[in-house]
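Beneath this line is the structure, given in structure tokens, with notes to follow.
One-based numbering along the sequence shown. Computed from heavy atoms alone, side chains included, the values below leave out hydrogens, waters and symmetry copies.
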Amino acid sequence: MSLSIRNQLSGTVTASTPGEVMATVKIRLTGGQNLTAAITREAAEELGLAAGTAVHALVKSTEVSLATAPVDGLSIRNQLPGMISDIATGGAMAAVRISVEGADLTAVITNDAVTDLGLTTGIPVVALIKSTEVSLATV
């Protein structure tokens with residue numbers, strides 16, 4: 001199956017904590033970073049997610065925000081440091097490609113955000129991803 005989701009990160013489940021409706025799933029990405037996904041308990045059970053399960057974490061590029069440094073005091077669980085490798089701008093929006101350890105991410109943000117943050121190729125950034133915006137697929 002081919003997907004339009006640009007961000008597909010490989011990893012292994014390190015822990016799965018079920019709740020009444022939702023489960024949190026912790027993943028160690030191929031590059032060594034940690035990622036947390038919040039998915040329905042039913043989905044976690046159907047996928048058989050347990051420590052050691054190989055997964056792909058899927059994140060739409062419109063759900064990736066960028067910061068120019070790590071952010072403290074933030075509820076967003078996933079902060080992946082990387083380096084901007086490319087910026088493609090359009091009429092109102094820009095696709096920013098970020099190289100993170102072991103993978104590439106794409107963030108679609110406004111051109112104004114690119115300008116306000118002073119984003120250019122080669123500078124370090126932190127990709128911010130809410131755990132509720134991470135979908136999982138088993139390998």
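- Atom CD of Q33 is separated from atom CG of L80 by 5.5 Å, given to the nearest 0.5 angstrom.
- Note that CG of N7 is 4.5 Å distant from CG of L105, once rounded to the nearest 0.5 Å.
- Within the 4.5 Å cutoff, the side chain of L49 has heavy atoms near those of the V55 side chain.
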Worked check of side chain to side chain contact (heavy atoms under 4.5 Å, CB included) between I87 and T89 = CA-CA 6 Å; I87 300 174; T89 57; 4.0 Å; yes
Should L3 and L58 be marked as a side chain to side chain contact (heavy atoms under 4.5 Å, CB included) after you check the CA-CA gap, both sets of side-chain angles, and the distance that decides it?
-> CA-CA 10 Å; L3 297 172; L58 309 170; 3.9 Å; yes
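- R97 pairs in a side chain to side chain donor-acceptor pair (under 3.5 Å) with only one of the listed residues (T121, D86, T106), which is T106.
- Between the side chain of R41 and the backbone N or O of E20, at least one donor-acceptor pair lies under 3.5 Å.
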For V139 and H56, run side chain to side chain contact (heavy atoms under 4.5 Å, CB included): C-alpha distance rounded to whole Å, both residues' side-chain angles, the deciding distance at 0.1 Å, then the answer.
-> CA-CA 7 Å; V139 178; H56 291 297; 3.7 Å; yes
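- Between T53 and T138, the closest side-chain pair of non-hydrogen atoms falls below 4.5 Å.
- Residues V126 and L117 do not share a hydrophobic cluster, clusters being chains of Ile/Leu/Val/Met/Phe/Trp/Tyr side chains in contact below 4.5 Å.
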Side chain to side chain contact (heavy atoms under 4.5 Å, CB included) assessment of I129 paired with E63 = CA-CA 7 Å; I129 306 166; E63 300 303 332; 5.6 Å; no
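- Formation of a donor-acceptor pair under 3.5 Å by the T14 side chain with backbone atoms of K26 is found in this model.
- Contact annotation: the side chain of N34 never approaches that of L29 to less than 4.5 Å [non-hydrogen atoms, C-beta and beyond].
- Between L9 and V134 the shortest side-chain heavy-atom distance does not fall below 4.5 Å.
- Taken from OG in S61 to CE in M93, the straight-line distance is 9.0 Å, to the nearest 0.5 Å.
- The side-chain heavy atoms of L119 and T68, taken from C-beta on, include a pair separated by under 4.5 Å.
- Among L136, T132, T24, the single residue meeting the side chain to side chain contact (heavy atoms under 4.5 Å, CB included) criterion with I39 is L136.
- Contact record, V71 with A67: CG2-CB, 3.8 Å, taken as the closest heavy-atom pair.
- Atom OG of S135 sits about 9.5 Å away from atom NZ of K60, to the nearest 0.5 Å.
- P81 and V100 get closest at one heavy-atom pair: O-CG1, 3.4 Å.
- In terms of modelled atom types and a separation under 3.5 Å, the side chain of E101 and the main chain of G32 share no donor-acceptor contact.
- The closest side-chain heavy-atom distance from V114 to V96 is below 4.5 Å.
- When atom types are taken as modelled, the side chain of T12 and the backbone of A54 share no donor-acceptor pair closer than 3.5 angstrom.
- The CG atom of L35 sits 12.0 Å away from the CZ atom of R77 when rounded to the nearest 0.5 Å.
- No side-chain donor-acceptor contact under 3.5 Å links N78 to the backbone of L128.
- Taking 4.5 Å as the limit, every side-chain heavy atom of T36 sits out of range of all side-chain heavy atoms of V25.
- No hydrogens or angles considered: a donor-acceptor pair under 3.5 Å links the side chains of D104 and S99.
- Under a 3.5 Å cut-off, the side chain of N111 and the backbone N or O of G90 do form a donor-acceptor pair.
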